[in-house]
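For this chain, numbers begin at 1 and follow the sequence in order. Keep in mind that this is a model prediction, so the values were computed, not measured.
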Amino acid sequence: MKMILLRKFRVLILMVFLVACSMHIMIDLLPKLERRGNSGCSCSHTPSEEPGDWAQKQLQPLQQQQQGWPNKHTLRILQDFSNEPNSNVSSNSLEKNQFPPVGHNQNERSSRQPEHQAAQRGDPKRHSPPDVVEQQGVKALVRLAALYEHPLFKTTLPALTDEDTLFNVNTDIRFDPKAAEDQEWHVDGDAEAFSPTGALTADSYPNWLRFHIGINRYELYSRHDPVIDGLLKDLDAQKITSVAMKSGGTQLKLIMTFQNYGQALFKPMKQTRDQETPPDFFYFSDFERHNAEIAAFHLDRILDFRRVPPVAGRLVNMTKEIKDITKDKKLWRTFFISPANNICFYGECSYYCSTEHALCGKPDQIEGSLAAFLPDLALAKRKTWRNPWRRSYHKRKKAEWEVDPDYCEEVKQTPPYDSGTRLLDIMDMTVFDFLMGNMDRHHYETFEKFGNETFIIHLDNGRGFGKHSHDEVSILVPLSQCCRVKKSTHLRLQLLAKQEYLLSSMMAQSLLRDHLAPILIQPHLDAMDRRLRQVLTVLADCIEKEGYSNVVADDLQGEPAHTSPRQR
């Protein structure tokens, strides 16, 4: 009898084991079966150009990623704008869905968004009458145009040589990014999005590729380059073809690939517009804000630094544009339906990636920022530099610059800050961060090709605009310790302090062009005016103490503004 019971028990255990194995197999197959049922085409996209073609090399990492589950090497390259350099291949769009004219269809687009968006943004007056919105848009164009027509925004660059451009591109090179062995590349009947016949000339390259080609020693993009506005439209409208989690980083970020092989970094909405950072939060434990990334791009443009890659806001359908198309199984498995019947997911990251910190839509719509990728590191290497005024990232310890008032003198003796414009660029970045209230500038990057004589790239600005009721004066320590600034920066700051070109007004008008407007609530805009006056006060004190010529480096005469210790 005991033997019979033992055999029955063994059979029962075996059956349970087989059922468990079957369930695991079904769970693994479910994402593939679901995507297969929802997709119109599973064709691979392989350009027909020669491997030596520079433009084709730009597309190779994206093609590899779209042909199967994310390649580990590819995802390792595609790092975001935080601690290390990121591999990037940005985005463009030739789809019909484009940005509406400023102010013209703003209200129409808002009406298509869920009603909860106004409440999420902390803006009860979100929906304005069409005529009011249109008038605001016209005024925005007029006043911004007047600012950008000012002589300070018309300074010319030195003549560019091959050594001054990131890529030396033969304009006669032609390539067709859509040519593939299977001519059924087009999906969803969108046959006019790309023409399958004929190769593209350099002038017809996607906007993300033209953005990459335009990078040079002195700027990430030129002032009035129409490619940037086109790229912003693409970030908002281009069809998303694949999604993967960005490896590394403290908070969840997604790498989104578009139909034209462009890519962007997606930061989802975590807080409403009016939520301030709690006073007891440390800067390194704060949430990253999608609207801060958007506002930082516009602020950088208004200051005429042009060192932040283009960023646009986008309302994303979490089901159709993330869950249904992702090939990242780890991401797919974190989706769930909340008790309020909203679609949620949390992904994997070092912090804030759990069901308690899930990102939920209403029911499946979520805001986010999309930042265009820079050129892939395999094509344009970047060097990561430790910020001399980096914070300690410790709850009790202080950094050296916080306890040594003469710290800047030591920095000035250290390459690359002992010559060239690097120290002055750090001062620009200091002003930029103070206006945003960003305390999280631990590293910065430069393009390796240009050596030390080039600009600083302002990446990862998600911890800006957290507090409008508090001005973190410690951010200004580099400026007060070094007492150095570019003449062009000083003059533009003075210009933006005038009522005619008030910084808050210029920012509000510039941000109206983003589809997630309003991006900042009024208290944040007012805080920028208040902080700008503090910057000018610090510079005025420096000039009174050390003299104008020892503080203001003239960079408007075509001569390099050197920062030698002997000038002090």
Side-chain angles (χ1 to χ4, degrees), residues 75-88 90 215 220-221 235 245-256 263-271 277 281-301 303 305-313 347 349-353 368-377 380 382-393 425-426 428-447 455-467 472 475 478 519:
L75 292 184
R76 193 179 301 115
I77 292 177
L78 300 177
Q79 298 181 26
D80 114 280
F81 307 150
S82 51
N83 297 338
E84 314 99 22
N86 49 323
S87 142
N88 308 355
S90 346
I215 298 173
L220 202 56
Y221 57 89
L235 292 172
M245 285 187 294
K246 177 260 174 189
S247 59
T250 59
Q251 300 185 34
L252 178 67
K253 306 172 190 71
L254 302 179
I255 300 167
M256 291 188 167
Q263 286 190 314
L265 186 74
F266 180 76
K267 290 189 178 182
M269 177 179 181
K270 295 185 177 74
Q271 292 180 313
T277 301
F281 266 38
F282 287 98
Y283 50 89
F284 48 81
S285 60
D286 194 12
F287 282 118
E288 294 183 3
R289 296 168 186 81
H290 73 299
N291 61 315
E293 293 284 0
I294 301 168
F297 165 71
H298 288 262
L299 175 61
D300 176 81
R301 203 175 189 180
L303 293 173
F305 294 155
R306 289 168 285 120
R307 300 165 193 170
V308 175
V311 183
C349 60
S350 302
Y351 301 98
Y352 308 125
C353 282
S369 64
L370 277 166
F373 271 25
L374 295 174
D376 194 289
L377 291 176
R382 297 196 301 280
K383 186 170 183 178
T384 301
W385 304 79
R386 182 186 175 97
N387 184 0
W389 282 270
R390 180 184 187 271
R391 297 179 182 273
S392 67
Y393 288 83
D425 288 339
I426 292 288
D428 285 348
M429 187 170 65
T430 296
V431 172
F432 176 63
D433 284 336
F434 179 69
L435 294 176
M436 294 191 298
N438 178 28
M439 302 171 66
D440 191 37
R441 189 69 67 185
H442 43 77
H443 290 80
Y444 64 87
E445 296 178 24
T446 59
F447 286 106
F455 61 91
I456 289 173
I457 309 172
H458 296 162
L459 302 175
D460 195 14
N461 306 296
R463 286 198 170 116
F465 299 103
K467 296 180 181 178
E472 185 54 53
I475 302 175
I519 302 301

Please examine the side chains of Val308 and Leu220, heavy atoms only from C-beta on, and report whether any two atoms are closer than 4.5 Å.
no
Over 60° means perpendicular and under 30° means parallel, so classify the ring planes of Phe455 and Phe447, tilted if in between.
perpendicular
To the nearest 0.5 angstrom, please state how far the CZ atom of Arg289 sits from the OG atom of Ser369.
12.5 Å
Test your reading of the model: is there a side-chain donor-acceptor pair from Lys267 to the backbone of Leu265, 3.5 Å cut-off?
no
Within the structure provided, determine whether Leu252 and Tyr352 are in side-chain contact (heavy-atom separation under 4.5 Å).
no
Flag side-chain contact, heavy atom, 4.5 Å: Arg307 against Asp428
yes
Between Asn387 and Arg441 (side chain of the first, backbone of the second, donor and acceptor by atom type, cut-off under 3.5 Å), is there such a pair?
yes
Provide the closest heavy-atom pair for Pro309 versus Ala372 in the form atom of the first, atom of the second, distance.
CB-O, 3.6 Å
Measure from the side-chain N and O atoms of Glu445 to the backbone N and O of Thr384, and report whether any donor-acceptor pair falls under 3.5 Å.
no
Student check: side-chain heavy atoms of Arg382 and Thr446 closer than 4.5 Å
no
What orientation do His458 and Phe305 show, parallel under 30°, tilted 30 to 60°, or perpendicular over 60°?
perpendicular
Can you tell me how far CE of Met439 sits from CZ of Arg463, rounded to the nearest 0.5 angstrom?
11.0 Å
Would you indicate whether the side-chain heavy atoms of Tyr444 and Ile426 approach each other to under 4.5 Å?
yes
Check Leu370 against Ala264 and note the closest heavy-atom contact, atom names and distance.
CD2-CB, 3.7 Å
